[in-house]
Asker: 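Structure incoming, see below.
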2 protein chains.
Amino acid sequence: MTESLGLTHARWKVIGAIALSNNGLTVPGIARVLGQSRQAVQRITDVMMEDGLLEYHKNLKHKRSVLVMLSQRGKEVYNTLRELQDPWAIDATEDIPVEELEAALRLVRRLIKKFN
Amino acid sequence: MTESLGLTHARWKVIGAIALSNNGLTVPGIARVLGQSRQAVQRITDVMMEDGLLEYHKNLKHKRSVLVMLSQRGKEVYNTLRELQDPWAIDATEDIPVEELEAALRLVRRLIKKFN
DNA sequence: GACCATATGTCAGCATGTTGTCATTGTCCT
DNA sequence: AGGACAATGACAACATGCTGACATATGGTC
């Protein structure tokens, strides 16, 4: 699904995390949202910035830690992929009772919480 | 959990797949069980063989494709890790109704099947 | 204001996984 | 038997992820 847009799943995760934030996120902030190491995120955001998907903005709160935001093209990619993903997700689950899906989600969250 | 035995999660997956087979598996066979590429499995089994966890046995059905089996030490590691993992799994789920766990498992399998 | 613990940027080494390619081996159909 | 197609081994390029280490920045405490 990401391939048709020249993305990979890792880059899609990053775009998604930033899109859900309002004023941009720092690299370690993205890492915390995604639950992975800041180093892994840093490497990906650097490449995505060069590719024109992200923009680094001055962070008033920190001298070196920039705020990562979606560029115009990043926003377009986000919207385009959402238009592919949403129908896919609906198609995948429309014949499953909502209560079943929610119960499974509650269970997964419960286990995640237990392991934190 | 795997670290205390000098393993990694990837090697543990391979050991588990072989342990559940009766007469050994070929490398592509392990890959099919795990649902991943044979190349990735090949690389790992080669190292595990050098480390003495696995043994390659002549395969009567194929001139070059060997049968991978657990060495004595591989079996010991398997049993030791099971003794760590089983109590962990029980502890993680003992306060959750069995029906909830089974329902979530059915849902996951249903989705996997849908995407095949 | 000095000091210490924490957060961040950066670089490196390693473990896994994927895909692609090519030669060799197996299978099956005619 | 012969030939086409699939399976396997081997090698390579690439994308991710983790941890460790070291220098710099922040923030809270005395």
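Protein chains get the first letters and strands the later ones, always in sequence-line order, with residue 1 at the start of each.
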Asker: Arg64(B) CZ to dG9(D) P: how many Å, rounded?
Answerer: 7 Å
Asker: Do the side chain of Ser71(A) and the main chain of Gly52(A) share a donor and acceptor less than 3.5 angstrom apart?
Answerer: yes
Asker: Can you tell me if Ser37(A) touches the phosphate of dG17(D), counting only side-chain N or O atoms and a distance under 4.0 Å to OP1 or OP2?
Answerer: no
Asker: Expressed in angstrom and rounded to an integer, what is the separation of Tyr56(A) atom OH from dG9(C) atom P?
Answerer: 9 Å
Asker: For the side chain of Pro28(A), counting heavy atoms from C-beta on, which of dG17(C), dC18(D), dT8(C) is nearest?
Answerer: dT8(C)
Asker: Verify the contact: side-chain N or O of Lys13(B) to OP1 or OP2 of dG17(C), cut-off strictly under 4.0 Å; return yes or no.
Answerer: yes
Asker: Just the rounded figure in Å: distance from C1' of dG17(D) to CD of Gln42(A).
Answerer: 15 Å
Asker: Could you tell me the separation between the CG atom of Asp46(B) and the P atom of dG17(C), rounded to a whole number of Å?
Answerer: 14 Å
Asker: Measure from CD on Gln39(A) to P on dT8(C) and round the result to the nearest Å.
Answerer: 11 Å
Asker: Would you indicate whether the side-chain heavy atoms of Leu7(B) and Leu81(B) approach each other to under 4.5 Å?
Answerer: yes
Asker: Just by distance, do the side chain of Asp51(B) and the backbone of Leu53(B) share a donor-acceptor pair under 3.5 Å?
Answerer: no
Asker: Of the candidate nucleotides dG17(D), dT25(C), dT24(D), which contains the atom at the shortest distance from the side chain of His62(B)?
Answerer: dT25(C)
Asker: If only side-chain N and O atoms of Arg38(A) are considered, is one of them under 4.0 Å from the OP1 or OP2 phosphate oxygen of dG20(D)?
Answerer: no
Asker: Using a 4.0 Å heavy-atom cut-off, does Ala40(B) contact any base of the nucleic acid, only the sugar-phosphate backbone, or nothing at all?
Answerer: base
Asker: Touch check for Ser65(A), heavy atoms < 4.0 angstrom, all strands: base, sugar-phosphate only, or nothing?
Answerer: sugar-phosphate
Asker: Lys63(A) NZ to dA7(C) C1': how many Å, rounded?
Answerer: 15 Å
Asker: Any donor and acceptor pair, going by atom type alone, linking the side chain of Arg106(B) with main-chain N or O of Leu101(B) inside 3.5 Å?
Answerer: no
Asker: Rounded off to whole Å, could you give me the CZ-to-P distance for the Arg43(B) and dT18(C) pair?
Answerer: 10 Å
Asker: Please report, rounded to the nearest Å, how far the P atom of dC14(D) is from the CD atom of Glu3(A).
Answerer: 16 Å
Asker: Could you tell me whether the side chain of Ser65(B) and the main chain of His62(B) form a donor-acceptor pair under 3.5 Å?
Answerer: no
